[in-house]
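Note sheet for the following structure.
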Number of protein chains: 2
Amino acid sequence: MRIPRTTIHRLSIYLRCLHDLREEKSETISSEKFASLVGVKPTQLRKDLAYFGQFGTRGRGYDVDKLASGIVRILGTGKIRKVAIVGVGSLGSALLSYRGFSKRGFEVAVAFDMKAGKIGRRSRWPEILPATRMAAEIKKRGIKIAVIAVPATAAQKVADKLVAAGVRAILNFAPTRLFVPRGVSVESVDLAMGLEGLAYSLKSRGRSQ
Amino acid sequence: MRIPRTTIHRLSIYLRCLHDLREEKSETISSEKFASLVGVKPTQLRKDLAYFGQFGTRGRGYDVDKLASGIVRILGTGKIRKVAIVGVGSLGSALLSYRGFSKRGFEVAVAFDMKAGKIGRRSRWPEILPATRMAAEIKKRGIKIAVIAVPATAAQKVADKLVAAGVRAILNFAPTRLFVPRGVSVESVDLAMGLEGLAYSLKSRGRSQ
DNA sequence: TTATAATTGTGAAAAATTTCACAAGATGAG
DNA sequence: CTCATCTTGTGAAATTTTTCACAATTATAA
Ligand SMILES: NC(=O)c1ccc[n+]([C@@H]2O[C@H](COP(=O)([O-])OP(=O)(O)OC[C@H]3O[C@@H](n4cnc5c(N)ncnc54)[C@H](O)[C@@H]3O)[C@@H](O)[C@H]2O)c1
Ligand SMILES: NC(=O)c1ccc[n+]([C@@H]2O[C@H](COP(=O)([O-])OP(=O)(O)OC[C@H]3O[C@@H](n4cnc5c(N)ncnc54)[C@H](O)[C@@H]3O)[C@@H](O)[C@H]2O)c1
């Protein structure tokens, strides 16, 4: 059965919310309350979960812990996944220092840059290596996920090298389309696109929202 | 007529691609070539545009310049829109120094932070003001779009203040849901969510892609 | 134990979105 | 001018996604 892309997207949102609920020591929650918390319809939440099995108890709701670990299992973020970042400019640096990824099951294991000045090891930061060692290190460490934070003009070449080195999933911040072989996934984050969406809803307020 | 959210999203992608085509001095392009460039079906591209009128010439295709300005008009990014950034931490700093927004019709006009050390004026950066002056400055400058780059725990309070000051659209980087009144739009960018999507496709390669 | 209330899981209906198929308009060669 | 070719715009069909409605299951109180 084909699972909608949007369902996977929402699963992430559910998981984030479950983390918060866990911190508040909630044990169980009904689809109704949970849905209103994340901002979807209860039936949608139940249908999203139903694609993957049964997670709740009729008459009671969902066990927060159990549901969280269920979604983690679905997403495949159960054991920590190593991530490489390519491009340690202003955005890459922000990502390197970000503590939020580890909570979600990702470890930034290493970063690469082509400029000599960026190379080295700072306390509490992942090691930054020269871009020339990229292929070898990624192979050696068995890294499957990479983040591209280089200028758009360099992004495709970097992607090609990453794929050749065994990377199977790329989070791309460069504002350009990446062409990759079948079997490799790309998610692109274009911040200007977010602003354009907002500009549009600003223009057509009332109609679109 | 209701326009799909995804259509607006794709319009941004089309526009980015048109910018590139313009730099390559292409004059016209058919929906077929254009679609293969951005990675959608030609009929989808034509349908997306058809929501807003007629932009092409039968037998010839689309005039690159004309289509670009058409999409700009649809999105409402024709005249530069001023944007405020709240939170000048590692991510906020990256956004402040980013030169890519102005090409898309946005100007980061001002930033705010609560820590005294962040306040001031650096060359080529927008002015950074204390958070206490946020409401007054946003009102004074008539800013309608803001970016939230503060910790998740502070995000809702910041959003409330922004809305009270007249902001109508928020790009939110904090990993939390923002509750805002009707008529205010929020786009959230959760980078961990991008990674989770990738982890999933890694797990279920072949099926989902 | 039995009745009542709560809440999930799910097939079917509804709504939204994408794709198709082709008429209509434009171009260019002869 | 005419014909063959190209390519858009669009109503209709197909597909996908969301929502509904309710049977099934569990909890709880009497
Ligand atoms: N900074 C932002 O806020 C922001 C926002 C949206 C999008 N982006 C995009 O993210 C990307 C990075 O942005 P940035 O502001 O950090 O740019 P930047 O110029 O500050 O950093 C780019 C880094 O990549 C390195 N680099 C260049 N080519 C490389 C290669 N082939 N291999 C390894 N390293 C290489 C450079 O040495 C530099 O350190 C760009 O594509 C940009 O458009 C940035
Ligand atoms: N850094 C990243 O790569 C990254 C990635 C994904 C998400 N995020 C999210 O983006 C947000 C910012 O991340 P960061 O790494 O830049 O954090 P940071 O701690 O480096 O910066 C936060 C800044 O916000 C300021 N601040 C706090 N409360 C404020 C308030 N009420 N008003 C004004 N300013 C206030 C702080 O003084 C600080 O300068 C966080 O919510 C984080 O989860 C960051």
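Here is how names work: the chains are called A, B, and so on, in the same order as the sequence lines, proteins then strands, and each is numbered from 1. As the structure is a computational prediction, the values presented were derived from the model and not from experiment.
- Protein chain A contacts DNA chain C from dA6(C) to dA12(C), reading 5' to 3' and using non-hydrogen atoms of the protein with a distance under 4.0 Å.
- Shown here are the ring-ring contact (aromatic ring centres under 6.0 Å, His included) partners of Phe34(A), two or more places apart in sequence or in another chain: Tyr14(A).
- In the region residues 57-75 of chain B, proximity to DNA chain D at under 4.0 angstrom, judged on heavy atoms, holds for Thr57(B), Arg58(B), Gly59(B), Arg60(B), Gly61(B), Tyr62(B).
- Using a 4.0 Å cut-off between charged side-chain N and carboxylate O, Asp190(A) and Arg104(B) make a salt bridge.
- In this structure, Phe55(B) atom CZ and dG9(D) atom C1' are separated by 12 Å, rounded to whole Å.
- Rounding to whole angstrom units, CG of residue Leu45(B) and P of dG9(D) are separated by 10 Å.
- Environment of CD in Glu27(B): sparse, with no more than 12 heavy atoms of neighbouring residues, nucleotides or ligands closer than 6.0 Å.
- For the segment residues 11-41 of chain A, residues with any heavy atom less than 4.0 angstrom from an atom of DNA chain C are, sorted by number, Ser30(A), Ser31(A).
- With rounding to whole Å, Gln44(B) atom CD is found 13 Å from dT16(D) atom P.
- In the displayed structure, Gln156(A) atom CD is contacted under 6.0 Å by more than 12 heavy atoms of other residues, nucleotides or ligands.
- Proximity of a side-chain donor or acceptor of Ser204(A) to a complementary backbone N or O of Tyr200(A) within less than 3.5 Å is detected.
- Side chains of Asp48(A) and Thr7(A): a donor-acceptor N/O pair is present below 3.5 angstrom, by distance only.
- Contact between Ile143(A) and Ala109(A) at its shortest, heavy atoms only, is CD1-CB, 4.4 Å.
- Between the CG atom of Leu96(A) and the CD1 atom of Ile85(A) there is a distance of 4.5 Å, given to the nearest 0.5 Å.
- Distance Ile3(A) CD1 to dT16(D) P: 13 Å, rounded to the nearest Å.
- Shown here are the side chain to side chain donor-acceptor pair (under 3.5 Å) partners of Ser31(B), two or more places apart in sequence or in another chain: Arg46(B).
- Between the side chains of Ser188(A) and Asn172(A), at least one donor N or O sits under 3.5 Å from an acceptor N or O.
- For the side chain to side chain donor-acceptor pair (under 3.5 Å) test, residues two or more places apart in sequence or in another chain that qualify with Ser12(B) are Glu196(A).
- The interatomic distance linking Asp48(B) (CG) with dT8(D) (P) rounds to 14 Å, in whole Å.
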